[in-house]
Enquirer: 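Please read through the structure below; I'll follow up with questions.
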Amino acid sequence: MDSVSNNIEDVILKIESALDEFIDSGTEEELFLSGYLHGHFSLAVSQALQQQSVTPKNLIREVTTSLELAFENNELEFEDQQKVYDMWNKLAVIAS
């Protein structure tokens, strides 16, 4: 269990670091998209860490579900939704 815990912590730190890079060196669009994604990521992390056996796979699923629900409610224009998904898919590679 301890190695799983350390693994998920490493994944969270890597994704947060990647999102933070957009703050330092991203374009305005990347800054907007990463900020939006960071909100969903933070919420998913909070929810995932409350589970007994959180895994990177569970975390990916939580973020993806959060985005899907938001997009079903038309939170962003379709083009921006696709850009957020693209960014998330690249970051999710870190978690898998």
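The first residue of the sequence shown is numbered 1, and numbering continues consecutively from there. Everything quoted here is computed from the prediction, not taken from an experiment. Heavy-atom basis, side chains included; hydrogens, waters and symmetry copies ignored.
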Enquirer: So which heavy atom on Ala44 is nearest to which on Val63, and how close?
Expert: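 Shortest heavy-atom separation between Ala44 and Val63 comes out as CB-CG2, 3.5 Å.
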Enquirer: Would you compute the distance between atom CZ of Phe41 and atom CD1 of Ile12 and round it to the nearest 0.5 angstrom?
Expert: 5.5 Å
Enquirer: Using the benzene-type ring in the case of Trp, are the ring centres of Tyr85 and Phe71 under 6.0 Å apart?
Expert: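 Yes.
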Enquirer: To the nearest 0.5 Å, tell me how far Asp80 CG sits from Asp86 CG.
Expert: 11.5 Å
Enquirer: Taking all heavy atoms of Ser66 and all of Leu43, pick out the closest pair and write down the distance.
Expert: OG-CD2, 4.5 Å
Enquirer: Looking at side-chain heavy atoms only, is the closest gap between Leu37 and Leu19 below 4.5 Å?
Expert: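 Heavy-atom side-chain distance check passes, below 4.5 Å.
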Enquirer: Under 3.5 Å, is there a donor-acceptor pair between the side chain of Thr65 and the main chain of Glu62?
Expert: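 Answer holds: no.
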Enquirer: So, for Glu30 and Met87, which heavy atoms are closest and what is the spacing to 0.1 Å?
Expert: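 For Glu30 and Met87, the tightest heavy-atom pair comes out as O-CE, 3.9 Å.
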Enquirer: Decide yes or no on side-chain contact (heavy atoms from CB on, under 4.5 Å) for His38 and Phe22, but give the supporting numbers first.
Expert: CA-CA 11 Å; His38 199 276; Phe22 291 111; over 6 Å; no
Enquirer: Say you draw a straight line from CD of Gln81 to CG of Leu67; how long is it, rounded to the nearest 0.5 Å?
Expert: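 It is 9.5 Å, given to the nearest 0.5 Å.
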Enquirer: What distance do Lys90 atom NZ and Ile15 atom CD1 have between them, rounded to the nearest 0.5 Å?
Expert: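 So the gap between those two atoms works out to 14.5 Å.
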Enquirer: Just how far is it from atom OG of Ser42 to atom CD of Gln47, taken to the nearest 0.5 Å?
Expert: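 One gets 11.0 Å once the value is rounded to the nearest 0.5 Å.
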Enquirer: Which atoms form the tightest heavy-atom contact between Val11 and Pro56, and what is the distance?
Expert: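 Heavy atoms only, the tightest pair is CG2-CG, 3.9 Å.
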Enquirer: For a quick test of reading the model, state the closest non-hydrogen atom pair linking Ala18 to Leu91 and the distance between them.
Expert: CB-CD2, 3.4 Å
Enquirer: Can you measure from NE2 (His40) to CD (Glu68) and round to the nearest 0.5 angstrom?
Expert: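 One finds 11.5 Å between NE2 of His40 and CD of Glu68.
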Enquirer: As a quick check of understanding, evaluate side-chain contact (heavy atoms from CB on, under 4.5 Å) for Phe32 and Thr27, giving each step before the final call.
Expert: CA-CA 9 Å; Phe32 166 75; Thr27 65; over 6 Å; no
